Amino acid sequence: MFDNLPSSLPHIRSGKLKALAVTSSTRSSALPEVPTVAESGVPELKGYEASSWFGLLAPAGTPADVVNRVQAETAKALGTPVLKERLLSQGAIPSGMTPAEFVKFIDAETRKWARVVKDSGAKVD
């Protein structure tokens with residue numbers, strides 16, 4: 001199965017679930033012994049990356065000063081040692097992107113997965 005690491009990690013650590021690989025481009029600091037999919041030995045998977053991510057969004061038209069304040073406070077919180085360590089221990093990687101960086105990231109993710117859907121020939125039933 002493919003799952004978010006924070007929800008699977010307790011089961012992996014307890015031995016109830018065996019992690020074969022992580023889908024990020026680099027190994028997880030929470031499970032450094034688990035290889036990436038790209039390291040799994042399948043040449044076709046070189047460069048493979050499929051990561052879960054979470055972010056905060058606001059309605060269109062939200063004033064820029066409000067968006068920037070929410071981002072600044074969020075980045076500040078993500079940078080605190082307690083929260084940062086808590087997230088890292090769960091396999092999450094806090095980033096605190098700027099609004100412009102997040103827009104570019106979402107656009108890149110949309111293009112990547114649109115190409116995957118198109119190339120796969122998947123259709124909505």
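Keep in mind the model is a prediction, meaning the values are calculated, not measured.
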Quiz item: Only one of Thr23, Asp3, Asn4 clears side-chain hydrogen bond (donor to acceptor under 3.5 Å, both in side chains) with Ser52; which?
Solution: Asn4
Quiz item: Side chains of Ser51 and Ser24: does their closest heavy-atom pair fall under 4.5 Å?
Solution: yes
Quiz item: Can you find a pair of side-chain heavy atoms, one from Thr36 and one from Ser25, that are under 4.5 Å apart?
Solution: no
Indicate, with yes or no, if [Y] and [X] share a hydrophobic cluster defined by side-chain heavy-atom contacts under 4.5 Å among Ile, Leu, Val, Met, Phe, Trp and Tyr.
{"X": "Leu20", "Y": "Met1", "answer": "no"}
{"X": "Met97", "Y": "Val103", "answer": "no"}
{"X": "Val34", "Y": "Leu5", "answer": "yes"}

Rounded to the nearest 0.5 Å, how far does [atom2] of [Y] lie from [atom1] of [X]?
{"X": "Leu78", "Y": "Gln71", "atom1": "CG", "atom2": "CD", "answer": "9.0 Å"}
{"X": "Phe102", "Y": "Asp107", "atom1": "CZ", "atom2": "CG", "answer": "12.0 Å"}
{"X": "Leu56", "Y": "Thr74", "atom1": "CG", "atom2": "OG1", "answer": "5.0 Å"}
{"X": "Ser120", "Y": "Trp113", "atom1": "OG", "atom2": "CH2", "answer": "10.5 Å"}
{"X": "Glu33", "Y": "Ser28", "atom1": "CD", "atom2": "OG", "answer": "9.0 Å"}

Heavy-atom pair of closest approach, residues [X] and [Y]:
{"X": "Ile93", "Y": "Leu88", "value": "CA-CD2, 4.4 Å"}
{"X": "Gly96", "Y": "Ala75", "value": "O-CB, 4.2 Å"}
{"X": "Lys84", "Y": "Pro94", "value": "CG-CG, 4.0 Å"}
{"X": "Trp53", "Y": "Gly55", "value": "CE3-N, 4.3 Å"}
{"X": "Leu9", "Y": "Gly91", "value": "CD2-N, 4.0 Å"}

Practice problem: Look at Lys112 together with Glu49 and state whether they make a salt bridge at an N to O cut-off of under 4.0 Å. | Solution: no
Quiz item: Does the side-chain contact (heavy atoms from CB on, under 4.5 Å) test come out yes or no for Ile106 and Leu57, once each step is laid out?
Solution: CA-CA 11 Å; Ile106 291 172; Leu57 300 169; 3.9 Å; yes
Quiz item: Do other residues, nucleotides or ligands put more than 12 heavy atoms under 6.0 Å from Arg13 CZ?
Solution: yes
